[in-house]
Amino acid sequence: MNYRAPRGTYDILPEDQAHWRHVTETTRRVCELFGYEQIDVPVFEQTGLFERSVGESTDIVEKEMYTFLDRNEERMTLRPEFTAGICRAYAERKLHGRPQPLRLFTIGPAFRYERPQAGRYRQFYQIDVEVLGSQDPAIDLEVMQVAWQIYEAVGIKNLSFQVNSTGCPVCRPGYVEKLRAWYADRLDGICADCARRYEQNPLRLLDCKKEACRAIADEAPRIADSLCDECRTHFDRLRSYLDDLGRPYEVNHRLVRGFDYYTKTVFEVWAEGIGAQNAVCGGGRYDGLIGMVGGPETPAIGFASGIERIILTMKQEGIEPPGVPKPRVFVAYLGAEAKSAAVVLAQELRAAGVGATALWEDRSLKAQMRQADRLGAAYTLIIGEEEVRNGVVMIRRMADSTQASVPRSEAVAAVKEGNTQ
RNA sequence: GUGGGCAUAGCUCAGUUGGUUAGAGCGCUAGACUGUGGCUCUGGAGGUCGCGGGUUCGAAUCCCGUUGCCCACCCCA
């Protein structure tokens, strides 16, 4: 084999498409049900956009971006996430001039240079939902509802909703200091990774997976107790809306997120049984980001959800997606003259909106029938020398193996309407 | 970047203490009164045993190296 798909990439083969379609079509339907409009932004952007938005010191920017110089020597990066591009579009296309808040969604690939693992790829697909131009906690709730409803409509059951507030520039620095001070006395009890987090990203201390570290993190001061009045009120309102909605969720004091731009609300959705990468969805509020990338100061919130992980969860739960359409008719022929007639017949079927295919390989009728069967065709139309001579076609209904000879001129209508007897 | 596991037909896997033309099931393909699918039967195609060295009369099997895949850490969807 000379070429192989790059590490961390994969092909979505025909037999995988039913799952993909089910997820993407369900997403569109639910988003539109909530009044969200689709937007598509470039797969690559100027590198600086991601450096500024995601955060210079994050792992993504430091070591996971696909960055290259284009032929004009400009630094470009394949998008590692969607929010930055959407905010850039919002500012650049003056979308703040439209009725606010602006509700948007998009679906597509993103890229991160990481070691592949279950549920993690270098090119991966996300559903992304964003609302720009509102700071009301009811919008936070709405965005979470969109996520919830997508999973529900897909058919997934066993998910857990995790919510927290990560504060804002007013209150978070104070909390981080408090956290560091608290950890300062406990540095010998934490793992090497946590020692590094203590220096570089103290909030991450809270979600270490190691038992010993978790025990310490459980006792650590909670951000909820350090929120400023505005953040506290916001979080309280959101929780009360969530309670009113009656959907189960969990306030997770250790929930922090990897991008620098998050403020106030953060949330994740976890699935069980799909491996270590169990976050099916992650998102939160980013009230400072749009201003940061050159737009007017605009509050916003959104989430991204990994399609591969959604599909893993579907399979885990045994959810069968609706099948993809199959050709309704298979045209079988015998002999050169009949082949010419079959070519025309197949085209007439398609022109009438009836899916039609054929082998076109001059194989035995038996081989053609076998193809028809495997392709799942409802009908096989058979044209041989005899049918050509008599101006008829044989219509065979595959399900019950009944067949009848029908005048050529009536064949298309008969198959279309299902009157073949 | 770190750690562990696995590499034999398209797929799932056998392959005995190193021994002759490397097997099975499924799939593909052809045929079984020459124009009929799903079942059955028979035949056929398809493998440099991941790759490169080494040991040996002889290596899929033993040794070394290397690459790839999978899983986990880190981080994240």
Side-chain angles (χ1 to χ4, degrees), chain A residues 1 4-10 13 15 23 54-55 57-65 79-83 107-129 147 191-194 196-197 200-201 204 207-210 213 256-259 267-271 274-283 302-313 330 332-335 338 359 361 363-388 394-403:
Chain A
M1 254 173 295
R4 48 177 74 245
R7 188 171 174 77
T9 69
Y10 57 94
L13 299 173
E15 62 267 30
V23 171
V54 174
S57 65
T58 58
D59 274 21
I60 287 182
V61 170
E62 279 183 352
K63 52 190 190 192
E64 296 177 1
M65 295 205 304
R79 62 186 178 200
E81 55 108 38
F82 289 75
T83 306
I107 300 173
F111 307 83
R112 289 180 205 167
Y113 189 89
E114 298 183 273
R115 284 287 284 270
Q117 195 181 321
R120 175 202 284 170
Y121 303 90
R122 289 184 173 181
Q123 174 173 342
F124 57 101
Y125 291 76
Q126 288 188 330
I127 293 160
D128 188 83
V129 173
C191 67
D193 284 326
C194 280
R196 185 176 48 76
R197 294 180 180 116
Q200 294 177 358
N201 193 352
R204 283 248 154 257
D207 72 342
C208 185
K209 287 177 181 170
K210 295 206 171 60
C213 297
V256 295
R257 302 205 26 86
F259 304 145
F267 65 96
E268 289 188 358
V269 180
W270 297 346
I274 61 169
Q277 307 306 312
N278 68 336
V280 159
C281 168
F303 70 82
S305 185
I307 296 182
E308 294 86 353
R309 294 181 190 179
I310 294 173
I311 290 174
L312 276 176
T313 308
F330 185 93
Y333 62 89
L334 288 158
L359 201 46
E361 284 277 335
R363 300 248 291 268
S364 68
L365 183 59
K366 188 187 192 66
Q368 296 185 69
M369 292 296 298
R370 196 162 52 234
Q371 279 277 330
D373 182 51
R374 278 180 304 201
L375 293 175
Y379 297 96
T380 300
L381 301 199
I382 303 165
I383 314 179
E385 307 298 341
E386 200 179 312
E387 284 77 11
V388 171
M394 191 67 81
I395 301 183
R396 182 179 180 85
R397 189 161 63 198
M398 300 302 279
D400 57 8
S401 303
T402 57
Q403 63 184 44

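Order of the sequence lines sets the chain letters (A, B, ...), proteins ahead of strands, with each chain counted from 1. Basis for what follows: all heavy atoms, side chains included, without hydrogens, waters or symmetry-related copies. Bear in mind the structure is a predicted one, so any value in this text is a computation, not a measurement.
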| On a whole-Å scale, what distance lies between the C1' atoms belonging to B:rA24 and B:rU67? | 29 Å
| task | Tell me which of A:C208 and A:Y113 sits closer to the 5' end of RNA chain B, going by the nucleotide each one is nearest to. | result | A:Y113
| query | Taking atom C1' of B:rC26 as reference, at what distance in whole Å does atom CZ of A:R374 sit? | reply | 13 Å
| query | Taking atom P in both B:rG31 and B:rG38, what distance in whole Å separates the two? | reply | 13 Å
| Picking from B:rC75, B:rU36, B:rC69, which would you name as closest to the side chain of A:R120? | B:rC75
| said: Just N and O in the side chain of A:R396: are any of them under 4.0 Å from OP1 or OP2 of B:rG35? | reply: no
| With both distances under 3.5 Å as the test, what is the Watson-Crick or G-U wobble partner of B:rC11? | B:rG25
| query | So, A:E308 side chain and A:Y125 main chain: donor-acceptor pair closer than 3.5 Å or not? | reply | yes
| Starting at NZ of A:K210 and ending at P of B:rU2, how long is that distance when rounded to a whole Å? | 16 Å
| said: Applying the Watson-Crick and G-U wobble criteria at under 3.5 Å, what pairs with B:rG52? Answer none if nothing qualifies. | reply: B:rC64
| query | Starting at NZ of A:K366 and ending at P of B:rG43, how long is that distance when rounded to a whole Å? | reply | 17 Å
| message | Main chain of A:A118, side chain of A:Q277: is a donor-acceptor contact present, judged purely on distance under 3.5 Å? | response | no
| Does A:Q277 put a side-chain nitrogen or oxygen below 4.0 Å from OP1 or OP2 of B:rC73? | yes
| Is A:E81 close to A:R112 at the side-chain level, that is, under 4.5 Å between some pair of heavy atoms? | yes
| said: I need the CG-P distance between A:N278 and B:rC74, as an integer number of Å. | reply: 12 Å
| said: Whole angstroms only, please: what is the CZ-P distance between A:R115 and B:rC75? | reply: 16 Å
| task | Spell out, as yes or no, whether a donor-acceptor pair under 3.5 Å connects the side chain of A:R396 to the backbone of A:Q403. | result | no
| request: For nucleotides B:rG5 and B:rA77, find the distance between their P atoms and express it as a whole number of Å. | output: 31 Å
| request: Measure from the side-chain heavy atoms of A:E308 and tell me the nearest of B:rA77, B:rC74, B:rG35. | output: B:rA77
| query | Should A:R370 be listed as having a side-chain N or O under 4.0 Å from OP1 or OP2 of B:rA30? | reply | yes
| message | Pairing check on B:rA45: which nucleotide meets the Watson-Crick or G-U wobble criteria with it, both distances under 3.5 Å? | response | none
| query | Is A:A279 touching bases, backbone alone, or none of the nucleic acid, heavy atoms closer than 4.0 Å? | reply | sugar-phosphate
| query | If you measure from the P atom in B:rA9 to the same atom in B:rG15, how many Å do you get, rounded? | reply | 15 Å
| request: Hunt down the Watson-Crick or G-U wobble partner of B:rC73, both distances under 3.5 Å, from any strand shown, or write none. | output: B:rG1
| field | Sugar-phosphate only, base, or nothing, as touched by A:G283 at under 4.0 Å among non-hydrogen atoms | value | nothing
| task | For A:E81 and for A:K63, locate the closest nucleotide of RNA chain B by heavy-atom distance; then report the residue assigned to the nucleotide nearer the 5' terminus. | result | A:K63
| request: State the pairing partner of B:rG19; accept Watson-Crick or G-U wobble contacts with both distances under 3.5 Å, and report none otherwise. | output: B:rC57
| message | When you measure from the side-chain N and O atoms of A:R257 to the phosphate of B:rA77, is any distance below 4.0 Å, counting only OP1 and OP2? | response | yes
| Closer than 4.0 Å, any side-chain N/O of A:R363 to the OP1 or OP2 of B:rU29? | yes
| task | Using the P atom as the reference point in each nucleotide, state the distance between B:rC57 and B:rU16 in Å, no decimals. | result | 23 Å
| field | Exam field: side chain A:R309 to backbone A:G119, donor-acceptor pair closer than 3.5 Å | value | yes
| message | If you only use heavy atoms from C-beta on, which nucleotide in B:rC73, B:rA77, B:rG38 is closest to the side chain of A:D193? | response | B:rC73
| request: Sticking with atom P, work out how far B:rG23 lies from B:rG43, rounded to a whole angstrom. | output: 15 Å
| field | Donor-acceptor contact present, side-chain A:R122 to main-chain A:P116, <3.5 Å | value | no
| request: Determine the contact category for A:E62: base if any of its heavy atoms lies under 4.0 Å from a base atom, sugar-phosphate if only primed atoms, P, OP1 or OP2 are that close, otherwise nothing. | output: nothing
| field | Nucleotide nearest A:Q371 (side chain, heavy atoms from C-beta), chosen from B:rA77, B:rC74, B:rU29 | value | B:rU29
| request: Starting from the C-alpha separation in whole Å, work towards a yes-or-no answer on side chain to side chain contact (heavy atoms under 4.5 Å, CB included) for A:N201 and A:S57. | output: CA-CA 9 Å; A:N201 193 352; A:S57 65; over 6 Å; no
| Distance in angstrom units between A:L13 CG and B:rG10 P, rounded | 16 Å
| task | Could you work out the separation of B:rG46 and B:rG27 based on their C1' atoms and round it to a whole Å? | result | 11 Å
| query | Within this structure, what is the CZ-to-C1' distance between A:R112 and B:rC75, rounded to whole angstrom? | reply | 9 Å
| said: So, does A:Q117 get its side chain near the phosphate of B:rC73, meaning an N or O under 4.0 Å from OP1 or OP2? | reply: yes
| said: Classify A:I382 by what it touches in the nucleic acid, base, sugar-phosphate, or nothing, heavy-atom distance under 4.0 Å. | reply: base
| Which is true for A:Y121 with a 4.0 Å heavy-atom rule: it touches a base, it touches only sugar-phosphate, or it touches nothing? | base
| query | Taking the side chain from A:R79 and the backbone from A:P109, do they hold a donor-acceptor pair closer than 3.5 Å? | reply | yes
| message | Taking 4.0 Å as the cut-off, does a side-chain nitrogen or oxygen of A:S364 come that near to OP1 or OP2 on B:rA30? | response | no
| Candidate nucleotides B:rC74, B:rA72, B:rU36, ranked by approach to the side chain of A:A276 - the nearest | B:rA72
| query | Any donor and acceptor pair, going by atom type alone, linking the side chain of A:E114 with main-chain N or O of A:E64 inside 3.5 Å? | reply | no
| message | Measuring only the C1' atom in each nucleotide, how far is B:rG50 from B:rA60? A whole number of Å is fine. | response | 12 Å
| request: Would you mind classifying the nucleic acid contact of A:Q368 as base, sugar-phosphate or nothing, using non-hydrogen atoms under 4.0 angstrom? | output: nothing
| request: For A:I383 and B:rG35, give me the distance from atom CD1 to atom P, rounded to whole Å. | output: 16 Å
